[in-house]
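Chain letters run A, B, ... following the sequence lines, proteins first, then strands; residues in each count from 1.
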Protein chains: 2
Amino acid sequence: MTGPTNDRIAAMKADGFDLEDCPVRTILDHLAAKWTTLIVFELAEGSRRFNALGRSLPDISKRMLTQSLRELERDGLVRREVFDTKPPSVEYSLTEMGRSFLAPLETMTDWAVQSQADILRARAAFDGAATAS
Amino acid sequence: MTGPTNDRIAAMKADGFDLEDCPVRTILDHLAAKWTTLIVFELAEGSRRFNALGRSLPDISKRMLTQSLRELERDGLVRREVFDTKPPSVEYSLTEMGRSFLAPLETMTDWAVQSQADILRARAAFDGAATAS
DNA sequence: CGGGATCCCGCCAGATACTG
DNA sequence: CAGTATCTGGCGGGATCCCG
């Protein structure tokens, strides 16, 4: 759907806005990356080791846990500390920025929880109308 | 990473919590579905017709626009009104619930905008450390 | 104008096996 | 313990054509 952009988008692009590399977009993407939310909430209760996190998040594969943690670490939301014990242990915890993310995240989830019933009702109505056709 | 779940998750499951069908999860998923945010913000300024929305969102395909709008309509955030003119026109607008979603959404994007510099700095440091190895 | 139907490619994530 | 490496199938999503 390429074509003439409207004034607002044009102005944003002139401001250096890049749709493909917009931090807001990537944050939102990471946020919904299926596991980040749960990881952040878990780490909000204290630092956790790799396998401890895995046990708290049933059904996540080691691979996805690693990947999600790397992403969060790269964005500066999570701190990774390696301890040279044997066997070695790694502790993950929220950084200052990570904790500052809790407020907006809770605002979102609170809305979702409060709207849950309405959403399920809307879905049922929508699906019912489709089936009834 | 299947295994013994911790008490909190176990309690949630006992409460009927389903990780696969959790509304909070699906909302977060839809939210980050790459276009929903922009669509909602665009509709926040007033009702729009299908192609007008497409023009405001450069680089979105008709297919994804349709799909995103259907999802939002199904969740009750967006209202779809068909007018029997010729050629036919379809107007999309936010429902009451859709407007109530603006607040949490703005909380999230505000945080992202404010943290943008820190995130980019963290990424540069992370990538730099990786390259320097 | 506002979509639906179909084809098809790329990458995402699960399973499995190996390592310091 | 805390990961990496590889292979593989599924499906998300672009391109294209068609329709009322």
Q) About how many Å separate CZ of B:R48 and OG of B:S93, when rounded to the nearest 0.5 Å? A) 11.0 Å
Q: Look at the side-chain N and O atoms of B:S61 and state whether any lies under 4.0 Å from the OP1 or OP2 oxygen of D:dG14.
A: yes
Q. Rounded to whole angstrom units, what separation is found between the CD atom of B:Q67 and the P atom of D:dG12?
A. 8 Å
Q.
In this structure, how many angstroms lie between the C1' atom of C:dA15 and the CD1 atom of A:I60, rounded?
A. 15 Å
Q. Which of the following nucleotides, C:dC1, D:dA2, C:dG14, is nearest to the side chain of A:R49?
A. D:dA2
(Q) My understanding is that only one of A:V90, A:T36, A:I39 makes a side chain to side chain contact (heavy atoms under 4.5 Å, CB included) with A:L69; could you say which? (A) A:I39
Q: Rounded to the nearest angstrom, tell me the gap between atom CZ in B:R55 and atom P in C:dG2.
A: 8 Å
Q | 5′-ward residue of the pair B:P88/A:P88 relative to DNA chain D | A | A:P88
(Q) How close do A:S47 and A:E91 get, counting heavy atoms only, and between which atoms? (A) OG-OE1, 2.8 Å
Q | D:dT6 base / A:R63 side chain donor-acceptor hit below 3.5 Å | A | yes
Q. With the 4.5 Å side-chain cut-off for hydrophobic clustering, are B:I119 and B:F126 part of the same group?
A. no
Q) CD of B:E73 versus P of C:dG2: gap in Å, rounded? A) 15 Å
Q: Looking only at side-chain atoms of B:M64, point me to the closest of D:dC1, D:dG3, D:dG14.
A: D:dG14
Q. Does A:Y92 make a side-chain N or O approach to OP1 or OP2 of D:dC1 shorter than 4.0 Å?
A. no
Q | Interatomic distance, B:L65 CG vs C:dG4 C1' [rounded to whole Å] | A | 14 Å
Q) In whole Å, what is the span from the NZ atom of B:K62 to the C1' atom of D:dC17? A) 10 Å
Q) Roughly, in whole Å, what's the span from CG in A:L53 to C1' in D:dG3? A) 14 Å
Q: Using only side-chain N and O atoms of B:R80, determine if any of them is under 4.0 Å from OP1 or OP2 of C:dG3.
A: yes
Q) Taking NZ from A:K86 and C1' from D:dG3, how many angstroms apart are they, rounded to a whole number? A) 20 Å
(Q) Classify B:F83 by what it touches in the nucleic acid, base, sugar-phosphate, or nothing, heavy-atom distance under 4.0 Å. (A) nothing
Q) Which is it for A:R99 and A:E96 under the salt bridge (charged side-chain N to carboxylate O under 4.0 Å, His left out) test, yes or no, and what are the steps along the way? A) CA-CA 5 Å; A:R99 276 191 298 278; A:E96 187 75 14; 3.1 Å; yes
Q: Output the single nucleotide from D:dG3, C:dG3, C:dC1 whose closest atom is nearest the side chain of A:R70.
A: D:dG3
